[in-house]
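To keep things clear, I will list the structure first and then write my remarks on it.
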4 protein chains.
Amino acid sequence: MPKDTFMNLPFEKQSLILDVAIKEFHDKGYDLASISSIVEKAQIAKGSFYQYFEGKDDLFKHIVVIINDKKTQFAHPVILTFDQLNFFDWFKKMLFATFEFLKSYPVLAKISVDFWKHSSTHTKERILGEEMNRTHEFLTVFIEKAVQKNELRNDISIEYLARYISSQLAFFNDYLLETYDDLTLVSEKNLEKIITTFLSILEHGTKNHS
Amino acid sequence: MPKDTFMNLPFEKQSLILDVAIKEFHDKGYDLASISSIVEKAQIAKGSFYQYFEGKDDLFKHIVVIINDKKTQFAHPVILTFDQLNFFDWFKKMLFATFEFLKSYPVLAKISVDFWKHSSTHTKERILGEEMNRTHEFLTVFIEKAVQKNELRNDISIEYLARYISSQLAFFNDYLLETYDDLTLVSEKNLEKIITTFLSILEHGTKNHS
Amino acid sequence: MPKDTFMNLPFEKQSLILDVAIKEFHDKGYDLASISSIVEKAQIAKGSFYQYFEGKDDLFKHIVVIINDKKTQFAHPVILTFDQLNFFDWFKKMLFATFEFLKSYPVLAKISVDFWKHSSTHTKERILGEEMNRTHEFLTVFIEKAVQKNELRNDISIEYLARYISSQLAFFNDYLLETYDDLTLVSEKNLEKIITTFLSILEHGTKNHS
Amino acid sequence: MPKDTFMNLPFEKQSLILDVAIKEFHDKGYDLASISSIVEKAQIAKGSFYQYFEGKDDLFKHIVVIINDKKTQFAHPVILTFDQLNFFDWFKKMLFATFEFLKSYPVLAKISVDFWKHSSTHTKERILGEEMNRTHEFLTVFIEKAVQKNELRNDISIEYLARYISSQLAFFNDYLLETYDDLTLVSEKNLEKIITTFLSILEHGTKNHS
DNA sequence: TATGAATGAGTATTCATTCAT
DNA sequence: TATGAATGAATACTCATTCAT
């Protein structure tokens, strides 16, 4: 939650500051990212920074919120279709949406992934607060429904299923980010193939065969 | 690769220094771990430290090597049985071995997991160098054999399979470390159940059904 | 000496600003009191503050003037009775008036006492200017008269006597402020006893015995 | 309690650092004294300073200890004579000793007085710890004895007497420091006169007349 | 080889004040 | 007159590393 002073800034200045900050967090990770470096690159006075944000935590939190907003933009339309589709068809659409997000905001994706992976639970809670377990909780809800519809195995606890599928989603992220330097170069066909392979394993592993 | 001066130290002094360093990396993570803090706790002179190791990177790298050695101790006997077993039976034994490692060296495990998760690819490469992809490469060999024996699906590239199974192994690590504060308290029966569930998904997802 | 812009402000706004400032100086002392904190709490713009006052010094000086005004309110009626009373009887009334001031404005009293005690002579002079030695000068006049009336020892220089009695007044302040958290709880009887003791020492020490 | 690193420094370097620090605290008071300024003037690296002392508090505390040591040097021989003398004769010797201390270390005296006067009780306790109430407690002991010997009034509580006499001692300090720029210029005769006057008031005010 | 003092750039954050609107 | 964004020097303190002994 940046201060009003930041929100009142001309859009371009906000953008510049955020871009610089995002690059900093991306390059160095949360702990090593430096406010001094950010203000220098953004050409603003140190004092100004502290009139925009409460401090490092506040800035980072704001960026996390932005990331979540972007993600939501891609995921939201797909989420709405859940009731009309089989779980795995729906999940496939989620993967395409995820890909689109990664392609559009690879840097944001990396920040998110890095922070998520590293950082003590303590740090995460301090900075993210309730923002924390969103993805996981949201997935749990849908998985629960899918189990009830007999689309997912019911011999495994929902909690475990949710963790597994979350981890798979993270794997999907990682795989794409590490395999391709520039996701815009991934052809439609190639993407289709990757997703099919991914889903094939997931489906065999988790669908209800009874 | 510590310098000779370190290797020539009496075993107990080496041990002390490494124990202190391991605790530091465990508690604070790579970035925040402090050499000053380590030398103070280990009761050695700052200058001495730099006569033992090139610096922070070097020390950490050495610890990673130690971790890998410990892991290997547990994994080695199992690896030897590969030819006598079905891939999934063999993998099950690997999971038990992994569990034993985690139970015996939870602190080392956490360091490894944390560093692996966090840290830019760039940092990882700088510090780990060739130590980096060991697990992955080693798994690849066995997966390849299993595919040849028609125990694993052959409609998916070996490389992809290896990545998937690596990620699953990491998930297994995580799951155990995050779910249980003290792995010595996990009953034989409970462990069996966790591993069975885990394997069930993996097997359904990846075995050759033809 | 605040600027006209401040004096033209509606009374309530002036009050609010001064109350906040007084609290700040009371809580943190002169050096650590922060303008930023004051303007924030008083809900005025930073720029406005500098249109009301020259700066921190100016604001503090103004508060000192206010404090002196309050003190005078209590002391003035007593001062007028000087000619009708013996010096020590008169001084006793001054002590009661002092007590009433402390009881009514403990916060103002603390600011005054703290600043007076701390702060280099240099700082005091810079900030208080001529406001500085008022109490002392005013006491000197009355002491001089008392010496002429043979009520105070004449074997000690008037200047020294004035300093001594000033210091005793400060001691009286201190004693009350440090001994009691809330002066409104001091009973009439108790107060009488304190003042009597205090005066007894003073009188024995300074009255003309000849 | 400076660290060993400081104590191991050559005497002249220790002296230089302390002199600079003492001057800084003298000129600006505790709150405004700046470590940056000290290290710059003493020509040492910032990092070095923190290898000598824990921080600002630690440095200041050390200086307070030094001050107390110096004071004790002057007071100690006099204290020993207490049993052989009348209270007021003994106190007179204490005043002479006090004067010698002020003359020899006027800067140290000012630091002590300033800190003592200013600073919240909270700050004092944090920094001084048990060093705090020494003077006061020590005086109380002697006053108690003097009351038992019927040399001081017994119609006033010992606690109050101790506070009063403490404050008188502080007044004596102040008077000398503010009246004379250079105490080495005060003649023997003049000093005798000042002390006599001071004692005359004190004695009349507090001695047992019965 | 062992030591530990020296280094100075680095950190996040706060400050009183100015000035364009 | 009122505003509040901009400023940059200031603060205490930590860091990994070097180097003379």
Side-chain angles (χ1 to χ4, degrees), chain A residues 3-10 13 31-40 43-59, chain B residues 3-6 8-9 13 31-40 43-59, chain C residues 3-6 8-9 13 31-40 43-59, chain D residues 3-10 13 31-40 43-59:
Chain A
K3 301 182 184 175
D4 288 345
T5 44
F6 181 72
M7 292 318 192
N8 295 340
L9 245 35
K13 195 160 187 182
D31 288 330
L32 264 41
S34 140
I35 299 297
S36 295
S37 163
I38 290 170
V39 299
E40 192 182 344
Q43 301 259 51
I44 60 171
K46 245 191 196 146
S48 298
F49 174 82
Y50 285 90
Q51 258 171 336
Y52 302 153
F53 299 95
E54 303 283 351
K56 196 179 179 178
D57 284 13
D58 189 33
L59 168 60
Chain B
K3 301 181 183 173
D4 288 344
T5 46
F6 181 72
N8 294 337
L9 246 34
K13 196 162 184 183
D31 289 334
L32 265 38
S34 136
I35 299 297
S36 298
S37 168
I38 289 170
V39 299
E40 192 182 343
Q43 302 257 51
I44 60 170
K46 269 260 178 72
S48 300
F49 175 83
Y50 284 89
Q51 268 178 324
Y52 302 152
F53 301 94
E54 302 283 349
K56 197 180 179 179
D57 285 11
D58 189 31
L59 167 61
Chain C
K3 302 180 183 175
D4 288 345
T5 44
F6 180 72
N8 295 337
L9 246 34
K13 195 161 185 183
D31 288 333
L32 266 38
S34 136
I35 298 299
S36 296
S37 167
I38 290 170
V39 298
E40 192 182 342
Q43 302 258 48
I44 61 171
K46 269 259 179 70
S48 299
F49 176 83
Y50 284 89
Q51 268 178 326
Y52 301 153
F53 299 95
E54 303 283 349
K56 197 179 179 179
D57 285 12
D58 189 32
L59 167 62
Chain D
K3 301 181 184 174
D4 287 345
T5 44
F6 181 72
M7 292 317 193
N8 296 339
L9 245 35
K13 195 159 186 183
D31 288 330
L32 264 40
S34 140
I35 299 298
S36 295
S37 164
I38 289 170
V39 298
E40 192 183 345
Q43 300 258 52
I44 60 170
K46 250 205 192 131
S48 298
F49 174 83
Y50 284 91
Q51 257 171 338
Y52 302 153
F53 300 94
E54 303 282 351
K56 196 179 179 180
D57 283 14
D58 189 33
L59 168 61

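Here is the naming used below: chain letters follow the sequence lines, and residue numbers restart at 1 for every chain.
- In this structure, Glu40(A) places its CD atom 13 Å from C1' of dA9(E), rounding to the nearest Å.
- As rounded to whole Å, 16 Å separates atom P of dA9(F) from atom CD1 of Ile44(A).
- The residue among Asn8(B) and Ser37(A) whose nearest nucleotide of DNA chain E lies closer to the 5′ end is Asn8(B).
- Side-chain proximity of Ala45(C) to the nucleotides dG4(F), dA16(E), dA16(F) is greatest for dG4(F).
- Note: CD1 (Ile35(D)) to C1' (dT14(F)) measures 14 Å, nearest angstrom.
- Within residues 47-55 of chain B, the residues approaching DNA chain F are Gly47(B), Tyr50(B), Gly55(B), by heavy-atom distance under 4.0 Å.
- In this entry the distance linking CG of Leu9(D) with P of dG4(E) reads 14 Å, nearest Å.
- Of the inter-residue distances, the one linking Gln43(D) atom CD with Ser48(D) atom OG reads 12.0 Å to the nearest 0.5 angstrom.
- If you take CG of Asp31(A) and C1' of dT14(F), they are 15 Å apart, rounded to a whole angstrom.
- Annotation: side chain of Gln51(A) is not in contact with side chain of Lys3(A) (no heavy-atom distance under 4.5 Å).
- Looking at heavy-atom distances under 4.0 Å, Lys3(B) makes no contact with the nucleic acid at all.
- Comparing dT17(E), dC13(F), dA9(F) by their closest approach to the side chain of Lys46(C) singles out dT17(E).
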**Fill in**
Taking Watson-Crick and G-U wobble contacts under 3.5 angstrom, with | marking pairs to another strand and [ ] crossing pairs, the secondary structure of DNA chain F is written .||||||||||||||||||||
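- Checking the phosphate oxygens (OP1, OP2) of dT11(F), a side-chain nitrogen or oxygen of Ser34(D) falls inside 4.0 Å.
- When each of Asp58(C), Asp4(C), Leu59(C), Leu9(C) is checked for a side chain to side chain contact (heavy atoms under 4.5 Å, CB included) with Tyr52(C), only Leu9(C) meets the rule.
- Lys56(D) comes within contact range of the sugar-phosphate backbone alone, with a heavy-atom separation under 4.0 Å but no base atom that close.
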